[in-house]
**Q** 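Below: one structure in structure tokens.
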Number of protein chains: 2
Amino acid sequence: MVTLPKNPATGEAHPLAVLVQPGVVPLDLVIPLQVFGPWPAYVSESLGGLKTPYRLDLVGPGTAVGDLLQVGNVQPLSRLADAQTIVVPGTSDPTAPPDPATVEALLVASKRGARILSICTGAFTVAATGLLDGRRATTHWQWAPELRARYPRVTVVDRELYIDEGQIVTSAGVLAGTDLCLHVLRTDHGQYVANTLARYLVSPPHREGGQAQYSSERPERRSELSQTTDWILDHLGEQLTVERVAAQAHVSVRTLSRRFRSTFGVSVMEWVARQRVSRAREFLETTDRTIADIAHACGFGSVESLRVHFMAQTMTSPSRYRSTFG
Amino acid sequence: MVTLPKNPATGEAHPLAVLVQPGVVPLDLVIPLQVFGPWPAYVSESLGGLKTPYRLDLVGPGTAVGDLLQVGNVQPLSRLADAQTIVVPGTSDPTAPPDPATVEALLVASKRGARILSICTGAFTVAATGLLDGRRATTHWQWAPELRARYPRVTVVDRELYIDEGQIVTSAGVLAGTDLCLHVLRTDHGQYVANTLARYLVSPPHREGGQAQYSSERPERRSELSQTTDWILDHLGEQLTVERVAAQAHVSVRTLSRRFRSTFGVSVMEWVARQRVSRAREFLETTDRTIADIAHACGFGSVESLRVHFMAQTMTSPSRYRSTFG
């Protein structure tokens with residue numbers, strides 16, 4: 001019944017390097033070790049004897065993993081020259097400038113044809129090479145605006161769990177690294193192998209709904225608009241129009257629209273819809289109110305309107321969101 | 001709108017020890033560090049300034065984490081005397097006898113009132129203390145039969161992601177450790193704090209369907225029944241009765257039933273139903289065939305019959321299973 005990968009016992013191991021930068025996030029580092037590193041015996045048995053087809057090295061410059069762990073046997077950056085795949089885990093402060101030698105080594109490896117996978121804020125290091133310019137990429141939802149601001153030539157997407165651009169694959173925050181690694185395993189060795197590893201990890205091999213449902217925009221950054229936004233938040237359940245908000249703020253519709261656009265990057269009514277969805281999420285998480293009742297309380301004209309806006313922002317439905325977070 | 005935990009800035013940190021045994025599974029170890037250890041600044045900000053309310057130590061006897069990582073600052077076992085919560089991550093070979101001093105220290109800590117959380121095969125170490133006798137507990141699905149065989153006084157459950165027995169909470173395999181840690185965080189500090197950490201980790205705070213959907217029973221262990229079971233597997237799509245199988249095996253219904261019961265622990269028709277669900281899972285994973293077609297091919301009389309058996313075994317529906325694994 002089961003189609004096993006061809007020639008499980010033959011073939012060269014695929015050299016894969018995991019980059020350890022200072023401040024590396026422990027989970028970001030350990031996920032690829034667990035997916036690509038040595039597999040438990042029973043995993044290999046159920047794959048007809050297949051052992052991990054990757055030869056994994058940890059490559060410096062870093063050696064500390066959080067406050068409590070250390071890399072025992074870190075290889076020098078020159079080791080990247082042998083790697084066919086390089087995994088770049090995130091670091092806790094992606095605004096810290098990356099080590100120039102690391103950036104250079106990644107660039108050289110990529111030009112040689114190596115595949116690069118970033119996890120979480122590892123995308124900042126990859127972006128520093130310029131390799132993401134003109135491409136789509138993702139990172140932890142919390143850091144997506146920062147990545148977008150620093151690297152305007154990168155199309156930063158914060159809704160997906162990973163973005164596969166072929167030679168470069170970037171993933172969303174922390175545990176989305178599991179989704180990325182299983183995706184790569186599936187690409188390299190087929191669905192059955194990826195599903196077997198997912199079962200070992202007790203991880204879904206494919207998660208629905210992307211990263212969007214996990215992100216949180218509250219609290220909004222304070223701005224010169226704060227009186228107006230406070231007023232909106234106090235009146236979210238009512239019927240709101242640009243005209244009504246402008247009148248309340250004693251400015252023209254045009255001025256109000258320009259201010260919202262420059263402060264939040266969206267129109268007034270888009271901002272209102274975001275806040276309405278945000279409030280609906282809170283109700284879904286913390287109350288037993290019906291969805292119709294929540295739609296009404298958040299100022300949506302109908303359940304259908306809540307559903308449409310909710311799906312657009314979170315990529316999941318209100319009821320599914322409640323069963324996950326409620 | 002949001003109810004923050006009371007007195008975020010006050011109160012003593014809760015002393016929590018994570019046990020490092022030889023052969024510790026890297027992900028099992030790192031998950032509690034990431035949930036209970038220091039939180040990123042933006043997590044604390046969105047919790048009104050709350051920093052992690054736990055003071056985390058790594059406690060020996062082990063120091064190596066897989067082949068590549070080491071614990072930098074491991075504390076002696078005596079440190080367990082201060083811990084209010086002790087996390088026991090899994091080890092790669094749970095059949096290796098645990099260190100007697102570790103078992104003793106866990107027992108003493110528990111009698112003093114400490115809470116014990118096991119992740120994955122960490123349940124074997126906890127079971128060795130006798131503390132699980134007469135209680136429900138879980139472990140990695142692959143090792144559940146072994147735990148059951150070694151500790152018959154423990155009610156081993158392999159379908160849930162974690163089992164909360166109050167002072168002892170055990171979790172299923174590897175990433176179910178995330179579900180366990182978020183559950184404990186929710187118990188200690190409420191849903192909003194747990195959801196915020198889950199968002200940071202890009203992890204569902206609550207997963208549906210338990211561990212059952214991740215486990216795999218194939219291939220069945222060989223037995224004196226292997227000719228009979230091979231025949232059943234070749235005829236799964238047909239109508240099967242105990243009488244027909246017994247006739248094919250040239251034994252009485254009673255003998256056949258006794259053999260199945262002693263070999264597999266279930267009746268003939270229960271074993272058949274398991275294999276049918278197992279085959280349906282393979283079709284759902286690897287083909288685009290309709291569910292009606294799969295029900296027929298696997299010998300279920302109807303889609304409804306497939307659904308009932310499928311839910312009973314995997315705790316999820318065929319269509320949901322397909323969207324996760326297919």
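The chains referred to below are lettered A, B, ... by the order of the sequence lines, with proteins before strands, and numbering in each begins at 1.
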**Q** Gln21(A): which residues meet the side-chain hydrogen bond (donor to acceptor under 3.5 Å, both in side chains) condition with it, sequence neighbours left out?
**A** Thr125(A)
**Q** Of all of Asp67(A), Leu56(A), Leu175(A), which one pairs up most often with chain B through heavy atoms under 4.5 Å apart?
**A** Leu175(A)
**Q** Go through the atoms of Leu68(A) and report whether side chain, backbone, both or neither lie under 4.5 Å from a heavy atom of chain B.
**A** both
**Q** For Thr178(A), is it the side chain, the backbone, both or neither that has a heavy atom under 4.5 Å from a heavy atom of chain B?
**A** side chain
**Q** Can you say whether Arg320(A) sits under 4.5 Å from chain B via the side chain, the backbone, both, or neither, judging by heavy atoms?
**A** side chain
**Q** Among Val71(B), Leu33(B), Thr63(B), Asn73(B), which residue forms the greatest number of heavy-atom pairs with chain A at distances under 4.5 Å?
**A** Val71(B)
**Q** Given heavy-atom pairs under 4.5 angstrom as the criterion, report whether the side chain, backbone, both or neither of Val65(A) touches chain B.
**A** side chain
**Q** Taking side chain as everything from C-beta outward and backbone as N, CA, C, O, which of these in Pro40(A) sits under 4.5 Å from a heavy atom of chain B? Side chain, backbone, both or neither.
**A** neither
**Q** Can you find a side-chain donor-acceptor pair between His140(A) and Tyr42(B) that sits under 3.5 Å?
**A** yes
**Q** Non-hydrogen atoms of chain B under 4.5 Å away: do they reach the side chain of Thr324(A), the backbone, both or neither?
**A** both
**Q** For the residue pair Leu185(A) and Val35(A), establish whether any side-chain heavy-atom pair is separated by less than 4.5 Å.
**A** yes
**Q** Please identify, among Val30(B), Thr196(B), Leu29(B), the residue contributing the most non-hydrogen atom pairs under 4.5 Å to chain A.
**A** Val30(B)
**Q** When only pairs under 4.5 Å are counted, which of Ala176(A), Ser323(A), Cys120(A) shares the most heavy-atom pairs with chain B?
**A** Ser323(A)
**Q** Hey, are the side chains of Pro94(B) and Glu146(B) touching, using non-hydrogen atoms and a 4.5 Å cut-off?
**A** no
**Q** Tell me which one of Glu282(A), Arg281(A), Glu285(A) satisfies side chain to side chain donor-acceptor pair (under 3.5 Å) with Asn195(B).
**A** Glu285(A)
**Q** Report yes or no: do Asp158(B) and Gln211(B) form a side-chain donor-acceptor pair below 3.5 Å?
**A** no
**Q** Going by side-chain contact (heavy atoms from CB on, under 4.5 Å), name the residues that satisfy it together with Ala198(B), two or more places apart in sequence or in a different chain.
**A** Leu182(B), Pro205(B)
